Colleague: 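Have a look at this one before I ask anything.
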Number of protein chains: 2
Amino acid sequence: MQKQESLSKNQQIIFDFIEKAKEPLKAYSILFNVQKKGIKAPLQVYRALDKLVEIGKIHKIESRNAFIACKNSNCEVSNATIFSICNKCENVSEINNLKLSKYLTNFEDDTGMQYNKYNLEFFGLCKKCKAK
Amino acid sequence: MQKQESLSKNQQIIFDFIEKAKEPLKAYSILFNVQKKGIKAPLQVYRALDKLVEIGKIHKIESRNAFIACKNSNCEVSNATIFSICNKCENVSEINNLKLSKYLTNFEDDTGMQYNKYNLEFFGLCKKCKAK
DNA sequence: TACACAATGTTATATTATAACAATTAATTA
DNA sequence: TAATTAATTGTTATAATATAACATTGTGTA
Ligand SMILES: [Zn+2]
Ligand SMILES: [Zn+2]
Ligand SMILES: [Zn+2]
Ligand SMILES: [Zn+2]
């Protein structure tokens, strides 16, 4: 079977919902909201999420257990992610900084370990919250 | 109240256990193992973990929901963490790379956001697992 | 068509984490 | 030292996140 081009029914439903959202969504919040579309069980959500993460359409924000659509054409595969997270308003956005991503992709430590993936999360206060 | 110098009883018990471990430990695994010391409930573990993370004695590996002792004198406060994670043997170690940590600490994006913390996790195959 | 694999449906359960409230211990300061 | 305040502990219950196991259905390929 060739590499999948299109999403399956459940994958599409769940991706559409995440894509429309302005903030990262939690699995059970997604479940609650797509029940009208016929998705009834957590596992149906988690399976779709797993696949969407795998193919890079969405990313998991590990520190929040939440999922966000990829808006970065540079990371069609989800092996190199950088996020900016506001600790006050919980706004999350994907950072698209070529210099930084190159730096990280090329990073080598002294242990001989071979890296094929990384996830970086920056925390702080966004401009709005800082002003308050 | 001044900044705490010494750990409380529960904090010490749980820190000792994590410190002796060679791999990151999960909260309920810790709970199971310290029950003989009189710690009976999840909340007792989570409270100690929260405090230990806050003061930088341990770190949470977000992608694994597990905790590891800090072995890096550079990050007595847990606001700047970099980990190396083997996806096969699950070995985790803290990376102490001054150049990289400086680069990240000084990182600024174009949104005017002010960062005071970051967490970076690299994934791949360690030397051992690569050889197999 | 026959095969292999991906995706779905369903029920139950495992794992991770917090709420709420009462009691106790330790540091501060008057 | 006594009163005050903050940190820590103990305890029960429950919330939130995630996976196991198994049967079935869809989909692309040979
Ligand atoms: Zn992305
Ligand atoms: Zn904000
Ligand atoms: Zn550390
Ligand atoms: Zn390994």
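Naming: A, B, ... by sequence-line order, numbering from 1 per chain. These figures come from a predicted structure and were not determined experimentally.
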Colleague: Given salt bridge (charged side-chain N to carboxylate O under 4.0 Å, His left out), test K57(B) with E19(B) step by step and report yes or no.
Modeller: CA-CA 9 Å; K57(B) 302 280 284 181; E19(B) 234 237 331; over 6 Å; no

Colleague: So if I take every side-chain heavy atom of L43(A) and compare against dA17(C), dT10(C), dT8(C), which nucleotide ends up nearest?
Modeller: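 Selected nucleotide: dT10(C).
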
Colleague: Between dA14(C) and Y28(B), counting only base atoms on the nucleotide and side-chain atoms on the residue, is there a donor-acceptor pair under 3.5 Å?
Modeller: no

Colleague: Using atom types as modelled, flag every donor-acceptor pair under 3.5 Å from a side chain in residues 27-42 of chain B to any protein atom, sequence neighbours excluded.
Modeller:
{"from": "N33(B)", "atom 1": "ND2", "to": "S29(B)", "atom 2": "O", "distance (Å)": "2.7"}
{"from": "K36(B)", "atom 1": "NZ", "to": "N33(B)", "atom 2": "O", "distance (Å)": "3.3"}

Colleague: Look at the side chain of K26(B) and decide which nucleotide, out of dT17(D), dT8(C), dT16(C), has an atom nearest to it.
Modeller: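 Nearest listed nucleotide: dT16(C).
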
Colleague: Choose from dG9(C), dT18(C), dT9(D) the nucleotide whose nearest atom is closest to any side-chain atom of K9(B).
Modeller: dT9(D)

Colleague: The side chain of Q44(A) is closest to which nucleotide in this list: dA17(C), dA18(D), dT10(C)?
Modeller: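 Among dA17(C), dA18(D), dT10(C), the one nearest the side chain of Q44(A) is dT10(C).
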
Colleague: Among dA18(D), dT9(D), dA17(C), which nucleotide has an atom closest to any side-chain atom of K60(B)?
Modeller: dA17(C)

Colleague: Can you identify which nucleotide, out of dT16(C), dA18(D), dG9(C), has its nearest atom closest to the Y46(B) side chain?
Modeller: dT16(C)

Colleague: Starting from C1' on dA6(C), measure out to NZ on K51(A) and report it in whole angstrom.
Modeller: 7 Å

Colleague: Output the single nucleotide from dT16(C), dT19(D), dG10(D) whose closest atom is nearest the side chain of N10(B).
Modeller: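 The answer is dG10(D).
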
Colleague: Could you give the CG-to-C1' distance, from L31(B) to dT9(D), as a whole number of Å?
Modeller: 15 Å

Colleague: Starting from P on dG28(D), measure out to CG on L7(A) and report it in whole angstrom.
Modeller: 14 Å

Colleague: Would you mind telling me which of dA18(D), dA17(C), dT11(C) lies closest to the side-chain atoms of A27(A)?
Modeller: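 Of dA18(D), dA17(C), dT11(C), dA18(D) is nearest to the side chain of A27(A).
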
Colleague: Separation of I39(B) atom CD1 from dT11(D) atom C1', in whole Å?
Modeller: 14 Å

Colleague: Nearest whole Å is fine: how far is dT8(C) C1' from L49(A) CG?
Modeller: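 Going from CG in L49(A) over to C1' in dT8(C) covers 15 Å.
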
Colleague: Would you indicate whether Q114(B), at its atom CD, is surrounded by more than 12 heavy atoms from other residues, nucleotides or ligands within a distance under 6.0 Å?
Modeller: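 No, the 6.0 Å shell around CD holds no more than 12 heavy atoms from other groups.
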
Colleague: Tell me: CG of L52(A) to C1' of dA7(C), nearest whole Å?
Modeller: 13 Å

Colleague: Could you tell me the separation between the CD1 atom of I55(A) and the C1' atom of dA6(C), rounded to a whole number of Å?
Modeller: 13 Å

Colleague: Looking only at the side chains, is there a donor atom on one of T81(A) and Y118(A) sitting less than 3.5 Å from an acceptor on the other?
Modeller: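 Judged by distance alone, the side chains do not pair up.
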
Colleague: Here's a test of your reading of the structure: between N65(B) and P42(B), which maps to the more 5' nucleotide of DNA chain D?
Modeller: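 Its nearest nucleotide being more 5', the pick is P42(B).
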
Colleague: Looking at K130(B), I want to see if its NZ is surrounded by more than 12 non-hydrogen atoms of other residues, nucleotides or ligands under 6.0 Å.
Modeller: yes

Colleague: Is there a path of hydrophobic side-chain contacts, each under 4.5 Å between heavy atoms of I/L/V/M/F/W/Y residues, joining L25(A) to I55(A)?
Modeller: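 Same cluster.
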
Colleague: Counting side-chain heavy atoms from C-beta on, which of dT8(D), dC22(D), dT17(D) comes nearest to R47(A)?
Modeller: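 Comparing dT8(D), dC22(D), dT17(D) against the side chain of R47(A), the answer is dC22(D).
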
Colleague: At 10 degrees resolution, what angle do the end axes of the helix from dT1(C)-dA30(D) to dA30(C)-dT1(D) form when each is taken over five base pairs?
Modeller: 40°

Colleague: Looking at CZ of F123(A) and CE of M113(B), how far apart are the two atoms once the value is rounded to the nearest 0.5 Å?
Modeller: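 Reported to 0.5 Å precision, the distance equals 9.5 Å.
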
Colleague: Would one find a side-chain N or O of S8(B) under 4.0 angstrom from OP1 or OP2 of dT9(D)?
Modeller: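 For S8(B), the contact criterion (side-chain N or O under 4.0 Å from OP1 or OP2 of dT9(D)) is met.
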
Colleague: So, taking the atom named SG in C86(B) and the one named CG in L125(B), what distance separates them when rounded to the nearest 0.5 Å?
Modeller: 5.0 Å

Colleague: Using whole Å, what does the distance between atom P of nucleotide dA19(C) and atom CG of D50(B) come to?
Modeller: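 Nearest whole value for this atom pair: 11 Å.
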
